[in-house]
Every structure is written in C-alpha cells, then in structure tokens.
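Quantities reported herein were computed from a predicted structural model and do not represent experimental measurements.
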Amino acid sequence: MSICWRNRFFLVLFGTFLIIGSPKMNAQPLETLEKSERIVIVIGATGQEQYEQKFAKWSERWKKIASHKQAELTVIGETVDARRTDWELLSRELKRHTNQTSATWLILIGHGTFDGKTARFNLRGPDLTHNQLSQYCDTIKHPLAVINCFSASGPFLKKLSADNRVVITATKNGHEFYFSHFGDFLSQAYSQPQADVNHDGHISLLEGYLKAARDTNAYYHKKGELATEHALLDDNGDQSGSRSDQFQGLKRVPDIHSVSNGLSDGHRAHQFTLFSTQPIEFISSKQKQERDELEIKILKLKQRKQSFTSLDEYYQKLEPLMIQLSHVYRRINFNKKQTIYDPLVVPANAKKTSH
C-alpha cells in the first residue's frame, strides 16, 4: 500500500474511533425516542402442569429482558381471547408494522412435533406450521430474530432462513422430539455475566445462544445421558445452521470444505443486544439500521480482502464505508447532552490531601 493511502486511511480510522468511542452507540435520551424494538412472546400449549410452570418462568425472564430494553412487548398464550385463536393473534401481530420498529424478536416457547414432512409448533387450538410462520415472517422487512424454544424445531431453520434474519432452533432436526431444555438456559443467559464473551458490557443474542447451548450440553453430561437436543443458529441466509462447538470465541470456525465467500453465522446475531450490564443508551430505528448495514458491508468487504489486486484498491473501498459509519455516530453524539468537567471546581466537602 502506498504511503499516501496508508496515512490517509489510518487518519480516517483514528477519527472514526474518536467519534465512536466504543462499539455501542451513544444516543438521544429515552424520552425523545419511541420504543424501537418489539418483543413477541408466544407460549404454546403446555400439556402437563409441570410444563405450564416451566414455560411461565421462561416467559417471565423474557419479560424482564423486554423491560430492561424498553421494548414494546406482546405476550400470546397467557390469556384467552374468545374472538381469536392464538394462531390468529400471532398472525395479526406479525403483520402489524410501524416505521419506528428497528428489530422484532419472536420467542416461541412450548412443544413441537414433526411427522416427517411438516414441523409444527403446538398452540392452543390450531398448530403453527413452519410454512405458515415463514409466510408471516416474510412480511417483516426490518431485522428479525426468531427463537424456537421447543422440541422438533430443527425444520423451522431451513424454512425461516433469510437475509436480515436470525433463526435459532433448540434442535438440529425434527427427529429430536423429546422435551427441550435449551429455552430454559437461553432465558437465563441475560442474568449471567459470564455470557459476555468479549467483556464489552453487553450480552448479544449470539453470546446468549452460545452460553445456552453449552449449558444444555452440560446438563445432559451431568446427568450422564446422551443429549437429545442440539441447538442451531443461522443468520447468513444459507439455510445451514451452526452449532455452538463450531465457534471459537465469537467467531465461526470455517468448515474445511467450505467454498462460500459470504459471511459466516454469528454476525447479525451479535447485532441483537440481549442484555446490557451498562446503562442502556437508546437509538432510533433509522440509526440502528444505518449502523447495522454499514457494519455488515465492512465485514463483507474484509471477507474479500484477498481478492483485490492491491491493498490500495482494498483501502479505497474501505475508506468511504468507515467515513459513513463515523458520520452515523457523529449525528447521534451531536444530540447527546455534553457534560463539561472543570478540574478547578471540587466538592465543598472534599478531603484535603498532603503532598
């Protein structure tokens, strides 16, 4: 790379990090923004009383997550609507859109079945098939996370896999039909600091998935039993999920025989914040969309770095993306109230120190 381009690029990079300050955005005060994220919890048919109690606990934890995130919350399956079935309520909710929604979380808690052709999530009344859910989700154009916390949910992954979408299933296929514990561990991940793999003060959906999948495996190992469920995550639209043991830290280890030039699983899931151990700073849906799209473009460009004829060509492509990202952060910081600290002004009751 020429000295001119190298110096120019690192000046831009340095300026970007000065503006950004940290990987997470600063943002406008909460009162100036509408709730930009939406969390939809669906509690399926419980069957036995023991499952009803378990699912209620999982749901309560997700409610705490929604409250912490100041997200719009909808719960289906807790009450009875004489006018509509749970299937109709879910269909109606997923087809409802607002311009302010930056991301939707759909958490399905319960039991599932698979007859060799069709996978179903068991609801009170008509069940929800993987084909029906795919049709509902296709109407959502903003980022969407579908978290299938039920047995025999594997077939849902291939059907739901799409761009701008994170799909998690508790099982790798429809033949893992025993009760699934994955949803229990995932609902607990938000309260476990060790889930924060990169120690940035935020637990992402990717980090929550990795923690829950490994806790599930440990559960069976402790009991001395073979695991009857193997969770998968897909967020690159290739219809092929990744297991937790295929990640090293937060990076998906490439398959030996893989020839794909696209992004590996994990990047979009890491853009969904499950929980923050630091005070949350809210951003608008437009700001989040701009940030996420630019981050993905930068990652895709880095993936193709070796295909460029020279480093100069690569940095010429990278520089404008980094500048755009810095402008996004600058617009957000511009609206944030600044606090100026005067080193000559100290509290009246400050203790004197001797030199």
Side-chain angles (χ1 to χ4, degrees), residues 40-59 61-62 76-77 85-87 90 106-137 145-161 165-189 205 208-235 239-246 265:
V40 181
I41 304 171
V42 183
I43 305 174
T46 58
Q48 301 177 22
E49 184 179 350
Q50 59 173 322
Y51 296 128
E52 182 177 355
Q53 295 173 354
K54 288 179 182 292
F55 298 156
K57 286 183 180 180
W58 304 4
S59 176
R61 293 169 189 154
W62 279 105
I76 297 172
T85 65
D86 290 350
W87 182 89
L90 176 58
L106 174 60
I107 299 96
L108 305 177
I109 299 172
H111 304 288
T113 57
F114 180 63
D115 62 8
K117 293 182 179 180
T118 304
R120 291 179 171 84
F121 173 55
N122 302 151
L123 293 172
R124 299 177 304 181
D127 290 340
L128 177 70
T129 69
H130 60 324
N131 290 318
Q132 291 167 338
L133 183 57
S134 176
Q135 293 175 5
Y136 301 156
C137 291
V146 186
I147 305 172
N148 302 278
C149 303
F150 55 92
S151 55
S153 55
F156 277 78
L157 184 141
K158 186 174 182 178
K159 199 66 181 178
L160 296 174
S161 177
R165 188 180 298 173
V166 180
V167 182
I168 293 176
T169 58
T171 71
K172 65 180 180 181
N173 55 46
H175 301 292
E176 294 187 328
F177 55 81
Y178 291 103
F179 177 75
S180 170
H181 298 272
F182 171 79
D184 185 14
F185 293 111
L186 181 60
S187 68
Q188 297 181 58
L205 181 54
Y209 161 76
L210 294 174
K211 181 70 168 63
R214 289 163 184 168
D215 285 350
T216 303
N217 291 333
Y219 166 82
Y220 287 99
H221 180 75
K222 184 177 181 180
K223 294 186 68 177
E225 299 176 356
L226 289 176
T228 57
E229 55 183 305
H230 301 83
L232 294 177
L233 178 148
D234 176 278
D235 66 358
Q239 301 183 348
S240 178
S242 296
R243 305 183 310 272
S244 62
D245 60 4
Q246 292 177 296
D265 286 326

Could you give the distance from [atom1] ([X]) to [atom2] ([Y]), rounded to the nearest 0.5 Å?
{"X": "F156", "Y": "T169", "atom1": "CZ", "atom2": "OG1", "value": "10.0 Å"}
{"X": "W87", "Y": "T129", "atom1": "CH2", "atom2": "OG1", "value": "8.5 Å"}
{"X": "R120", "Y": "S153", "atom1": "CZ", "atom2": "OG", "value": "15.0 Å"}
{"X": "E229", "Y": "S151", "atom1": "CD", "atom2": "OG", "value": "9.0 Å"}
{"X": "N148", "Y": "L232", "atom1": "CG", "atom2": "CG", "value": "10.5 Å"}
{"X": "H181", "Y": "T216", "atom1": "NE2", "atom2": "OG1", "value": "8.5 Å"}

Note: [X]-[Y] ion pair, threshold 4.0 Å (strictly below):
{"X": "K158", "Y": "D234", "value": "no"}
{"X": "D245", "Y": "R243", "value": "yes"}
{"X": "D215", "Y": "K222", "value": "no"}

ask   = Taking everything shown except Y178 itself, do over 12 heavy atoms lie less than 6.0 Å from its OH?
value =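 For Y178, atom OH is not crowded (no more than 12 foreign heavy atoms under 6.0 Å).
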task = Tell me, with the steps shown, if H130 and L160 meet side chain to side chain contact (heavy atoms under 4.5 Å, CB included).
result = CA-CA 8 Å; H130 60 324; L160 296 174; over 6 Å; no
Do side-chain atoms of [X] reach the backbone of [Y] as a donor and acceptor pair under 3.5 angstrom?
{"X": "R124", "Y": "D86", "answer": "no"}
{"X": "Y219", "Y": "R214", "answer": "no"}
{"X": "E52", "Y": "Q48", "answer": "no"}
{"X": "D184", "Y": "S187", "answer": "no"}
{"X": "T171", "Y": "G154", "answer": "yes"}
{"X": "Q239", "Y": "K159", "answer": "no"}

Could you tell me if the side chain of [Y] sits less than 4.5 Å from the side chain of [X], heavy atoms only?
{"X": "I43", "Y": "I76", "result": "no"}
{"X": "L205", "Y": "I147", "result": "yes"}
{"X": "S161", "Y": "D235", "result": "no"}
{"X": "F121", "Y": "T113", "result": "no"}

task = Could you tell me which residues satisfy side chain to side chain donor-acceptor pair (under 3.5 Å) with S59, sequence neighbours excluded, listed by chain and number?
result =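 Side chain to side chain donor-acceptor pair (under 3.5 Å) list for S59, sorted by chain: empty.
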query = Residues two or more places apart in sequence or in another chain: which of them pass side chain to side chain donor-acceptor pair (under 3.5 Å) with E225?
reply =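 Here no residue qualifies.
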request  = Please report the C-alpha distance between L157 and I168 in whole Å, then the side-chain angles of each, then the deciding distance to 0.1 Å, and finally whether the side chain to side chain contact (heavy atoms under 4.5 Å, CB included) criterion is met.
outcome  = CA-CA 7 Å; L157 184 141; I168 293 176; over 6 Å; no
Ring centres under 6.0 angstrom apart ([X], [Y]):
{"X": "H111", "Y": "F55", "answer": "yes"}
{"X": "F179", "Y": "Y51", "answer": "yes"}
{"X": "F150", "Y": "F177", "answer": "no"}

message = How close do G174 and P155 get, counting heavy atoms only, and between which atoms?
response =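 Shortest heavy-atom contact: N-CD, 3.4 Å.
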Contact summary for C149 and I107, nearest pair of heavy atoms =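 The answer is SG-CG2, 4.4 Å.
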task = Walk me through it: do Y220 and T228 pass the test side chain to side chain donor-acceptor pair (under 3.5 Å)?
result = CA-CA 8 Å; Y220 287 99; T228 57; 3.1 Å; yes
query = For L186 and W62, what are the C-alpha separation, side-chain angles and deciding distance, and is it a side chain to side chain contact (heavy atoms under 4.5 Å, CB included)?
reply = CA-CA 10 Å; L186 181 60; W62 279 105; 4.1 Å; yes
ask   = Could you walk me through whether N131 and Q135 pass the side chain to side chain donor-acceptor pair (under 3.5 Å) check?
value = CA-CA 6 Å; N131 290 318; Q135 293 175 5; over 6 Å; no
CA sep, side-chain torsions, deciding dist, call: I41, I109, side chain to side chain contact (heavy atoms under 4.5 Å, CB included) = CA-CA 8 Å; I41 304 171; I109 299 172; 4.1 Å; yes
